[in-house]
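Structure record follows, encoded as structure tokens.
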There are 2 protein chains.
Amino acid sequence: MLVTLDNLESLLSALEQSDSLEGMQRVIEALRAHYGVAHLVYHWVDSRGDQYGCGTYSDAWRQKYLDETYLRIDPVVQGCYQRFHPVDWKRLDWSSKAAREFAKVAAEYGVGNQGFSIPIRGPNGQFALFTVNDTCDDRTWAGFTQSNRRDLILIAHYFNEKALEFEPARQPGQQQPLSPREVDAMTLIAVGYSRAQIADRLSISEHTLRVYIESARFKLGALNTTHAVARAMSRGLIVV
Amino acid sequence: MLVTLDNLESLLSALEQSDSLEGMQRVIEALRAHYGVAHLVYHWVDSRGDQYGCGTYSDAWRQKYLDETYLRIDPVVQGCYQRFHPVDWKRLDWSSKAAREFAKVAAEYGVGNQGFSIPIRGPNGQFALFTVNDTCDDRTWAGFTQSNRRDLILIAHYFNEKALEFEPARQPGQQQPLSPREVDAMTLIAVGYSRAQIADRLSISEHTLRVYIESARFKLGALNTTHAVARAMSRGLIVV
DNA sequence: TTGCCCCTCCCCATTTTTGGGGAGTAGAAA
DNA sequence: TTTCTACTCCCCAAAAATGGGGAGGGGCAA
């Protein structure tokens, strides 16, 4: 059951050489067979849906997931979004009614009872999950995840690296950077200060501050200040 | 020069068992000796400074870095912030005057000419760097980084996992969830709509909408709507 | 040198948001 | 069953943000 170093090497190499989503799909299927688990999934988590995902879930489940916007209630997504370390599905919060319903439907669509998901984050707020899923008892699963934790982290990392390659918009350079003063302004707005307070704190006039805000809004293509803050945050231009 | 699997295992285990920054510091020193490089550094990159860092740079350099707010001009930080994959310092943009000056000063403080940095991201926009630094020629360095790339990624991951453990504010939990309508409201605000537009889109009165926004603001402990959006985003309650 | 971007300051009027109050329905949890 | 939360609607006045204009000094790069 364990992946030997050689196996891992060859699989990662295959992944590195793949030049399309189809290539990633083949690698993930090979990995699934290798580990002998029910499912293996890499998916880019995004409000637009998992367009950059690949994995072994059925198309029906994938479609169902999108149709029902399960993204918003899936405890795996919610939980992983708050964590850095890989997490066993059992440790997530399944207490809400919606979550229990979700789990029931998932099972009907062939999702196994055990899961282990690794959150991965890229630049500009990119977020993805790499998930191993199977049906087995708790002890077997604990053994599996413990044995393969490190390999899985590495695999997740390589998958995300590949996925980012295929997403040109995520490549650096495209977006206009904010000037230091613009960053200051947006950051202070994001933490709740009013314009008057910020101007005072930055020791500039409120008018000057407005120029920064408007300039940032323009650079970010935002419709208003709140939108600009949201964009700056999701692009990783400011840290709150 | 290569880390064998056993060595890596024992070092990661030592890291897992450390329960303080001092423990991380000891591990990083052991790793540095092990790899035989000039410096090894993990540092949490933050507008407040690298309070959660550990590594082998001299105190003088660390202080200089903070005093001069090199964070804002350091091409390593800037470059890694835009990337997902580990990056060789040679591939970064050192063309600006400030960057060249920075490199000169760094060398004076004992920073080697070769560097390899791994960006790591956690929840809520957390961002850290794991850096290997040495003085040698390009070929030697290329060989070193290629051989150790995967191990270094894993080590970086484990260091960050540890650092997050020591930062209680980054732990999930204790926060009140938003109701579905509140999520709708906050999400639409975050993407730039005005209250009138949102009320129209959700087919509710603007007054009702206001109740949701205020309720969300209260739950999030936010000072105003923009602040609430920022908090909701950084807590992963809404996805934009 | 010239051009470009960043930083700084100021005016106006209009639109939007905010603060604080009250009240009824329905569905879910205890 | 009771209680609680979510959802929906309404008033008013004050505070804040927005839109769009103009203008000068400084630094850095081609």
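- Using a 4.0 Å heavy-atom cutoff across all strands shown, S179(A) reaches sugar-phosphate atoms only and no base atom.
- Summarising the geometry, the separation between CG on D184(B) and C1' on dT8(D) is reported as 14 Å, rounded to the nearest angstrom.
- The distance from atom NE2 of H207(A) to atom P of dA13(C) is 14 Å, rounded to the nearest whole Å.
- OP1 and OP2 of dT8(C) both lie 4.0 Å or more from every side-chain N or O belonging to S205(A).
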Hey, what are the protein-to-nucleotides 13-17 of chain D N/O distances that come in under 3.5 Å?
{"unit_1": "dA17(D)", "atom_1": "OP1", "unit_2": "R195(A)", "atom_2": "N", "d": "3.4"}
{"unit_1": "dA17(D)", "atom_1": "OP2", "unit_2": "R195(A)", "atom_2": "N", "d": "3.4"}

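- When distances are taken from the side chain of E214(A) to each of dG19(C), dA6(D), dG19(D), the shortest belongs to dG19(D).
- As rounded to whole Å, 16 Å separates atom C1' of dA6(D) from atom CZ of F218(B).
- Residue S215(A) is the one, among I204(A) and S215(A), whose nearest nucleotide of DNA chain C lies closer to the 5' end (criterion: closest heavy atom).
- What separates CG of L178(A) from C1' of dC5(C) is a distance of 14 Å, to the nearest Å.
- A distance-only check finds no donor-acceptor pair linking the side chain of N133(B) to the backbone of V37(B) [under 3.5 Å].
- Residues S215(B) and E182(B) bring a donor and an acceptor atom of their side chains to less than 3.5 Å of each other.
- Rounded to whole Å, the distance from CZ on R181(B) to P on dC9(D) is 9 Å.
- A sub-4.0 Å separation between OP1 or OP2 of dT8(C) and a side-chain N or O of T208(A) is absent.
- Between the side chains of D93(B) and Q78(B), no donor-acceptor pair of N or O atoms lies under 3.5 Å.
- Close to dC6(C), at under 4.0 Å from its OP1 or OP2, lies no side-chain N or O of Y212(A).
- The listed nucleotides are dA29(D), dC7(D), dC6(C); the one nearest the side chain of K219(A) is dC6(C).
- Between the P atom of dT17(C) and the CD1 atom of I198(B) lies a distance of 8 Å, rounded to the nearest Å.
- The interatomic distance linking L209(B) (CG) with dT16(C) (C1') rounds to 13 Å, in whole Å.
- Across dG19(D), dC28(D), dC7(C), the shortest atom-to-atom separation from the side chain of K97(B) is found for dC28(D).
- Rounded to an integer number of Å, the gap from I213(A) CD1 to dC7(C) P is 14 Å.
- Between the R210(A) side chain and the E206(A) main chain, no donor and acceptor come within less than 3.5 Å of each other.
- Judged by distance alone, the side chains of N224(B) and Y193(A) never bring a donor and an acceptor atom under 3.5 Å apart.
- Listed by chain and number, the residues in a side chain to side chain donor-acceptor pair (under 3.5 Å) with T225(B) amount to none (sequence neighbours excluded).
- Positionally, the nearest nucleotide of DNA chain D for V211(A) lies more toward the 5' end than for the other of V211(A) and R100(B).
- Side-chain contact of D88(A) with W141(A): a donor-acceptor pair under 3.5 Å is present, judged by distance alone.
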